[in-house]
2 protein chains.
Amino acid sequence: MKLDEIRRAHGGNLDNCPVRDVLANLSGKWSSLLLIVLAERPRRFSEIRRLVFDISQRMLTQTLRELQRDGYVHRLVVPSTPPKVEYSLTPLGHSMFQPLLALIEWADQNHMAVREARDRFDAIAE
Amino acid sequence: MKLDEIRRAHGGNLDNCPVRDVLANLSGKWSSLLLIVLAERPRRFSEIRRLVFDISQRMLTQTLRELQRDGYVHRLVVPSTPPKVEYSLTPLGHSMFQPLLALIEWADQNHMAVREARDRFDAIAE
DNA sequence: CGGTATCCAATGGGATACTG
DNA sequence: CAGTATCCCATTGGATACCG
């Protein structure tokens, strides 16, 4: 794909633009972290909460709903007492997670380079 | 890389977590769009503004600064009258753009699947 | 031309309390 | 257990005016 095609997809067609429309919902504070947890294996609500221990209950519910709405996450309710709810990645979710994982691995490997760039920038600016 | 390693990198080490620290700055409303424009070729301030025509001057300046601070973007001032400022991707920026582009292409190719998932979700919820 | 500065509205997100 | 509901604060981002 050519870069100018991607760029032009944005012009004149703002709400439909894939970059804006799709990536926007992956850009939240918690989305990628929840996807990492669910890509490993299906998890229950309380399990996810323990793993991402500083997320509030409100944001966990809300972010899972958004990911479910976009078709990345499946929500399975097991009616029992107490109720169980299991979250898992859909095929679409797994498909999307492949390129996302590449970006996550880049972040992991180049974390220090970014931090050093920041320190240099801040040192000059003072 | 194993998923549980990525996940565990988050636990107990919150501010240093690469996922949070690096991806957070790529998650803004304009970051990926500006990176797409600059990955094509270097551009002047006013050029970028024309291409991403609905960005405000304030957000263009601010987002470019953040990308520059993290080491993705280089800012070259040509002192002339009128002044010229050219923005371009650094080697680190080009390196990061490879996995980002894969995600952008995924978004482009699966845009409709995501929209359909949304419609189904909204239809059930009503 | 390429910015800053200021003000304001909208959104994101945390804390707490309550519920089937 | 897995949520909702409410309130409130912090951050994001848009509009406008001004500047070297």
Side-chain angles (χ1 to χ4, degrees), chain A residues 10 14-15 17 19-21 23-34 37-38 42-70 73-88 121 124-126, chain B residues 10 14-15 17 19-21 23-34 37-38 42-70 73-88 121 124-126:
Chain A
H10 145 261
L14 291 154
D15 295 333
C17 170
V19 180
R20 299 184 186 227
D21 195 32
L23 261 53
N25 288 33
L26 300 174
S27 297
K29 181 173 178 180
W30 303 107
S31 304
S32 55
L33 290 172
L34 297 191
V37 167
L38 292 178
R43 298 277 190 182
R44 293 180 55 184
F45 187 87
S46 52
E47 262 186 307
I48 305 172
R49 204 180 172 188
R50 265 197 310 279
L51 293 169
V52 187
F53 65 91
D54 59 335
I55 193 172
S56 66
Q57 198 171 23
R58 181 184 179 277
M59 289 314 297
L60 179 52
T61 304
Q62 187 174 304
T63 308
L64 284 171
R65 280 298 172 285
E66 285 166 12
L67 294 174
Q68 185 191 357
R69 179 169 184 264
D70 279 12
V73 164
H74 178 66
R75 179 172 179 268
L76 177 66
V77 182
V78 181
S80 59
T81 46
K84 295 181 186 181
V85 181
E86 192 178 72
Y87 292 90
S88 56
F121 185 90
I124 294 169
E126 239 138 344
Chain B
H10 145 263
L14 291 155
D15 295 333
C17 169
V19 179
R20 298 184 186 227
D21 194 33
L23 261 53
N25 289 32
L26 300 174
S27 296
K29 180 174 179 180
W30 303 108
S31 305
S32 55
L33 290 172
L34 297 191
V37 167
L38 293 178
R43 300 277 191 182
R44 293 181 53 186
F45 187 86
S46 51
E47 261 185 308
I48 305 172
R49 204 181 173 189
R50 265 196 311 280
L51 293 169
V52 187
F53 66 90
D54 59 335
I55 193 172
S56 67
Q57 196 171 25
R58 181 183 179 278
M59 288 316 296
L60 179 52
T61 304
Q62 187 174 304
T63 309
L64 284 171
R65 280 298 171 284
E66 285 167 12
L67 294 174
Q68 185 191 357
R69 179 169 183 265
D70 279 12
V73 163
H74 177 67
R75 179 172 180 268
L76 177 66
V77 182
V78 181
S80 58
T81 45
K84 295 180 186 182
V85 181
E86 192 178 72
Y87 292 90
S88 56
F121 185 90
I124 295 169
E126 240 138 343

4.5 Å side-chain heavy-atom contact, B:R65 and B:Q62: no
Nearest-angstrom distance from the residue atom NZ of A:K84 to C1' of D:dA2: 13 Å
Under the side-chain hydrogen bond (donor to acceptor under 3.5 Å, both in side chains) test, residues paired with A:R69 that sit two or more places apart: B:D122
Residues in side-chain hydrogen bond (donor to acceptor under 3.5 Å, both in side chains) contact with B:R75, at least two apart in sequence or another chain: B:Y87
Residues which pass side chain to side chain contact (heavy atoms under 4.5 Å, CB included) with B:T63, listed by chain and number, not counting sequence neighbours: B:W30, B:S31, B:L34, B:M59, B:L67
Contacts of type side-chain hydrogen bond (donor to acceptor under 3.5 Å, both in side chains), residue A:R49, not counting sequence neighbours: none
Phosphate OP1/OP2 of D:dG3: any A:Y87 side-chain N/O under 4.0 Å: yes
Salt bridge (Lys or Arg N to Asp or Glu O under 4.0 Å) partners for A:E86, two or more places apart: none
First-last contacting nucleotides on DNA chain C - partner chain A, under 4.0 angstrom, heavy atom: C:dG13 to C:dG20
Bend angle of the helix from C:dC1-D:dG20 to C:dG20-D:dC1, end axes from five pairs each (to 10°): 50°
Side chain to side chain contact (heavy atoms under 4.5 Å, CB included) partners of B:P83, counting only residues at least two apart: none
Pairing residues for A:T81 by the side chain to side chain contact (heavy atoms under 4.5 Å, CB included) criterion, not counting sequence neighbours: none
Letter per nucleotide, 5' to 3', of nucleotides 12-20 of chain D [B base touched, S only sugar-phosphate touched, - untouched; heavy atoms, 4.0 Å]: -BBB-----
Whole-Å gap separating P (D:dG3) and CG (A:L60): 8 Å
Between P of D:dA2 and CD of A:E86, the distance in whole Å: 10 Å
Nucleotide D:dC1, atom C1' - distance to CD1 of A:I48 in whole Å: 13 Å
For A:V19 against A:L23, the heavy-atom pair lying closest together: O-CB, 3.0 Å
Side chain to side chain contact (heavy atoms under 4.5 Å, CB included) partners for A:K29, two or more places apart: none
Side chain to side chain, A:I55 and A:I48, heavy atoms closer than 4.5 Å: no
